[in-house]
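In what follows, a single structure is set out as structure tokens and then discussed.
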Amino acid sequence: MLKQKIVELLEQAVKEAQEAGKLPSVPLPEISVEHPSNEGHGDYASSFALKLARETGLNPLGIAKSVAELVKCSPEIGTIKVAPPGFINFTLNPEWLAGQVAIVLAAEESFGNADIGQGKRVQIEFVSVNPTGPLHVGHGRGAILGSTLANVLTAAGYNVEREYYLNDAGSQIDAFKRSVYARYCQTLGREAEMPPDGYMGGYITDLAKEIIAAEGDKFLAMPEEQALAQLGGIALEKMIAEIRKDLELLGVSFDVWFSEKSLYEKGQYSTATALLREKGYLAERESATWFVSTALGEDKDNVVVRSDGSPTYFGGDIAYHYNKFIERKFDLVINIWGADHQGHVSRMKAVAAAMGINPERLKVIISQMVTLCRGEELVRISKRSGELITLREVIDEVGKDVCRFFFLCRSADSQMDFDLELAKKQSADNPVYYVQYAHARIASILRLAKERGIEYSDGNVALLCAEPELALIRKMLILPEIIEIATQTLESHHLTYYAQDLATSFHAFYKLCRVISDDKELSKARLKLVEASKIVLARTLHLMGMTAPEKM
RNA sequence: GUCCCUGUAGCUCAGUCGGACAGAGCGGCUGCCUUCUAAGCAGUUGGUCGGGCGUUCGAGUCGCCCCAGGGACGCCA
């Protein structure tokens with residue numbers, strides 16, 4: 001990568017300076033480069049000399065000068081300048097930049113890939129909502145975050161598995177089944193009461209009606225236990241199918257749907273708890289079994305097995321993480337949870353530590369709350385109360401691409417309002433269209449070239465030397481850095497900002513540089529640039545799970 | 001009470017490792033369609049980075065203390 005290359009050039013120069021006695025032989029601070037905020041300072045800058053000056057007491061400007069002199073000539077680099085108080089500024093060589101167009105064209109959709117992950121196995125578990133009701137926008141946020149992160153990490157050279165942890169055991173599922181059963185009986189005219197912790201939403205009644213249509217009233221005749229198991233099982237499957245459909249509409253898919261129930265049936269639960277017991281992290285108290293996380297610096301202990309012998313959610317999660325790390329041996333495990341699970345993070349890390357796993361290998365991303373609104377008006381989204389706006393309705397209303405872009409715009413850490421009115425606007429207010437419009441414009445130019453039979457494969461990219469052309473190329477070459485940053489921080493919002501930046505560079509180029517003109521050779525060169533920019537913009541959109549429209 | 005997230009322009013938000021005059025979009029105000037998509041471009045307006053103290057050559061960024069908003073503290077998930 002370009003950035004890495006500049007760092008290497010600097011490292012080498014520093015080494016030579018030390019060998020030549022121009023710099024003291026002391027341990028060096030990490031050498032890094034950044035993009036200066038002021039364009040006048042070049043494409044890359046290093047504040048290395050300032051850092052070394054602090055440690056050695058030498059004059060930073062002097063250090064910068066002696067290092068800058070020793071930086072080897074390299075095709076990428078145009079100029080190297082030293083600026084007070086001690087920056088070393090690099091400008092890229094315009095000819096080299098122009099040549100990169102050919103590199104992008106050759107790379108096609110693999111442009112931007114990095115080998116940061118080196119094939120390490122990463123699991124990203126996300127959504128994982130209890131299948132007791134339809135998804136709402138908050139779940140959508142996690143889904144979009146997770147699927148985008150999966151795309152990014154794949155591009156960064158990780159071997160990624162996407163997983164949905166299906167909570168198909170436990171008391172919530174039980175309440176769900178009882179709710180459907182009650183509605184089933186009621187709809188068929190038998191008196192039945194909803195369970196006290198039941199789900200009151202209208203979708204439960206709809207589900208009951210669907211089952212009646214398909215299976216008739218046969219569950220009425222069964223003993224309650226049997227009816228609950230059979231009818232409940234059907235209802236559960238239907239609910240899961242609905243969730244799967246919602247996610248598909250958002251462009252989200254999974255490699256594995258992992259059953260919580262299987263943890264109990266296949267023994268991971270007993271193995272994992274036995275392991276913790278053996279290491280001395282389980283204690284019996286008040287007739288329940290506790291995970292002694294206070295021994296690992298936590299605020300309090302947590303119940304793993306209830307006094308009635310049934311495992312808690314936490315107990316199941318212990319088994320699940322045992323399975324992830326020890327059985328399936330993922331190098332890195334990323335969980336995306338809603339803000340309401342925030343308290344769960346540190347104790348899961350404690351569990352990892354207790355099992356002898358470096359807690360650094362467990363990354364938890366907490367996606368903050370989403371509130372839905374329509375202009376000024378607040379729209380409520382709650383599963384238990386009757387009235388709810390589902391994710392499906394939001395997708396139907398604003399579309400997948402807008403939905404994805406809106407969620408990706410903000411970092412997971414910040415709470416957000418999702419304004420349906422704003423999202424629906426097909427105008428300049430809406431950055432989604434700004435970015436996609438750039439792609440459609442590009443496609444339109446390439447269409448025209450084709451219609452006119454312009455063959456540009458022999459175009460000479462060396463002709464590209466106008467400032468808007470070079471600015472566009474510079475921007476294209478940043479994609480690998482964006483993928484690197486998104487990988488290191490596990491944040492996907494960098495992509496949306498980059499997409500807008502890239503679109504801006506293209507729109508400016510489009511305005512100032514006529515592509516198909518009387519100048520045949522320049523037209524061919526510019527068509528190459530346009531095609532290259534299409535590759536990079538499409539790649540960016542695809543990483544975000546969005547479509548790259550040919551027309552708008 | 002403890003823990004987590006947030007507080008940056010009128011609004012919505014960026015700002016990896018501390019770096020050179022704090023950025024973008026929207027809004028406001030000005031211009032730009034005879035030629036490849038004006039869902040566009042160019043310019044301009046606008047900020048004691050919640051407050052204070054500290055560390056540093058240098059702090060939106062790091063530390064401590066406050067203030068405000070949201071969330072979590074269950075033998076729920």
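Lettering follows sequence order; numbering is per chain, from 1. What you are looking at is a predicted structure, and each value in this text was computed from that prediction instead of being measured.
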Can you tell me, in whole Å, how much space there is between the [atom1] of [N] and that of [M]?
{"N": "C67(B)", "M": "G51(B)", "atom1": "C1'", "result": "7 Å"}
{"N": "G18(B)", "M": "G63(B)", "atom1": "C1'", "result": "13 Å"}
{"N": "C11(B)", "M": "C57(B)", "atom1": "P", "result": "37 Å"}
{"N": "U61(B)", "M": "G15(B)", "atom1": "C1'", "result": "9 Å"}
{"N": "G10(B)", "M": "G71(B)", "atom1": "P", "result": "27 Å"}
{"N": "C17(B)", "M": "G60(B)", "atom1": "P", "result": "14 Å"}
{"N": "G23(B)", "M": "G43(B)", "atom1": "P", "result": "15 Å"}
{"N": "C4(B)", "M": "G58(B)", "atom1": "P", "result": "30 Å"}

Does [X] put a side-chain nitrogen or oxygen below 4.0 Å from OP1 or OP2 of [N]?
{"X": "Arg410(A)", "N": "G25(B)", "value": "no"}
{"X": "Ser32(A)", "N": "G19(B)", "value": "no"}
{"X": "Arg452(A)", "N": "C36(B)", "value": "no"}
{"X": "Ser517(A)", "N": "U35(B)", "value": "no"}
{"X": "Ser346(A)", "N": "C3(B)", "value": "no"}
{"X": "Arg347(A)", "N": "C73(B)", "value": "no"}
{"X": "Tyr434(A)", "N": "C41(B)", "value": "yes"}
{"X": "Thr504(A)", "N": "A24(B)", "value": "no"}

Review point. Ion pair present between Glu298(A) and Lys349(A), side-chain N to carboxylate O less than 4.0 angstrom?
Key: no

Exercise for review: In plain terms, say whether Arg474(A) and Glu39(A) are close enough for a salt bridge, that is, a side-chain N and a carboxylate O under 4.0 Å apart.
Suggested key: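 No.
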
Distance, rounded to the nearest Å, where [X] contributes [atom1] and [N] contributes [atom2]:
{"X": "Gln342(A)", "N": "C4(B)", "atom1": "CD", "atom2": "P", "result": "8 Å"}
{"X": "His493(A)", "N": "G15(B)", "atom1": "NE2", "atom2": "C1'", "result": "8 Å"}
{"X": "Tyr44(A)", "N": "G19(B)", "atom1": "OH", "atom2": "P", "result": "17 Å"}
{"X": "Met416(A)", "N": "A14(B)", "atom1": "CE", "atom2": "P", "result": "10 Å"}
{"X": "Leu149(A)", "N": "U16(B)", "atom1": "CG", "atom2": "P", "result": "18 Å"}
{"X": "Gln415(A)", "N": "U12(B)", "atom1": "CD", "atom2": "P", "result": "13 Å"}
{"X": "Leu512(A)", "N": "A42(B)", "atom1": "CG", "atom2": "C1'", "result": "9 Å"}
{"X": "Ile366(A)", "N": "G71(B)", "atom1": "CD1", "atom2": "P", "result": "15 Å"}

Taking the side chain of [X] as its heavy atoms from C-beta onward, which of [options] lies nearest to it?
{"X": "Gln368(A)", "options": "C76(B), G70(B), G19(B)", "answer": "G70(B)"}
{"X": "Ile485(A)", "options": "C36(B), U16(B), C75(B)", "answer": "U16(B)"}
{"X": "Met369(A)", "options": "A20(B), C76(B), G70(B)", "answer": "G70(B)"}

Would the base of [N] count as contacting [X] through its side chain, where contact means a donor and an acceptor less than 3.5 Å apart?
{"X": "Gln500(A)", "N": "G25(B)", "answer": "no"}
{"X": "Asn89(A)", "N": "A20(B)", "answer": "yes"}
{"X": "Arg54(A)", "N": "G58(B)", "answer": "yes"}
{"X": "Ser307(A)", "N": "C75(B)", "answer": "yes"}

Study note, to complete from the structure: The glycosidic conformation of C66(B), counting syn as within 90° of 0 and anti otherwise, is anti

Check your understanding: When syn is taken as a glycosidic angle within 90 degrees of 0, is C33(B) syn or anti?
Key ->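 It is syn.
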
Check your understanding: Quick one: do the Glu260(A) and Tyr269(A) side chains pair a donor with an acceptor below 3.5 Å?
Key -> no

Review point. With a centroid cutoff of 5.5 Å and a plane-angle limit of 30°, would you call Tyr437(A) stacked on G40(B)?
Key: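 Tyr437(A) ring does not meet the centre or angle cut-off for G40(B); no stack.
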
Complementary nucleotide of [N], counting Watson-Crick and G-U pairs under 3.5 Å:
{"N": "A77(B)", "value": "none"}
{"N": "U16(B)", "value": "none"}
{"N": "C3(B)", "value": "G71(B)"}
{"N": "U30(B)", "value": "A42(B)"}
{"N": "G58(B)", "value": "none"}

Check your understanding: Of Pro36(A) and Ala339(A), whose closest RNA chain B nucleotide lies nearer the 5' terminus?
Key -> Pro36(A)

Revision key, fill the gap. Of Lys511(A) and Gln488(A), the one whose closest nucleotide on RNA chain B sits nearer the 5' end is Gln488(A)

Revision key, fill the gap. For residues 505-517 of chain A, the side chain to side chain donor-acceptor pair (under 3.5 Å) pairs (sequence neighbours left out) are Arg441(A)-His507(A), Ser517(A)-Ser523(A)

**Study point:** With sequence neighbours excluded, residues passing ring-ring contact (aromatic ring centres under 6.0 Å, His included) with Tyr322(A)
**Key:**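 Listed in chain order: nothing, the list is empty.
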
Point to revise | Distance under 6.0 Å and angle within 45° of ring axis: Arg347(A) vs Phe314(A) | key: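 Yes, a cation-pi geometry.
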
Check your understanding: Between Glu125(A) and Lys324(A), is a salt bridge (Lys or Arg N to Asp or Glu O under 4.0 Å) present by the stated rule, with each step listed?
Key -> CA-CA 10 Å; Glu125(A) 180 226 316; Lys324(A) 290 183 185 203; 2.8 Å; yes

Review point. Using 30° and 60° as the class limits, which term best fits the ring planes of Trp337(A) and His344(A): parallel, tilted or perpendicular?
Key: tilted

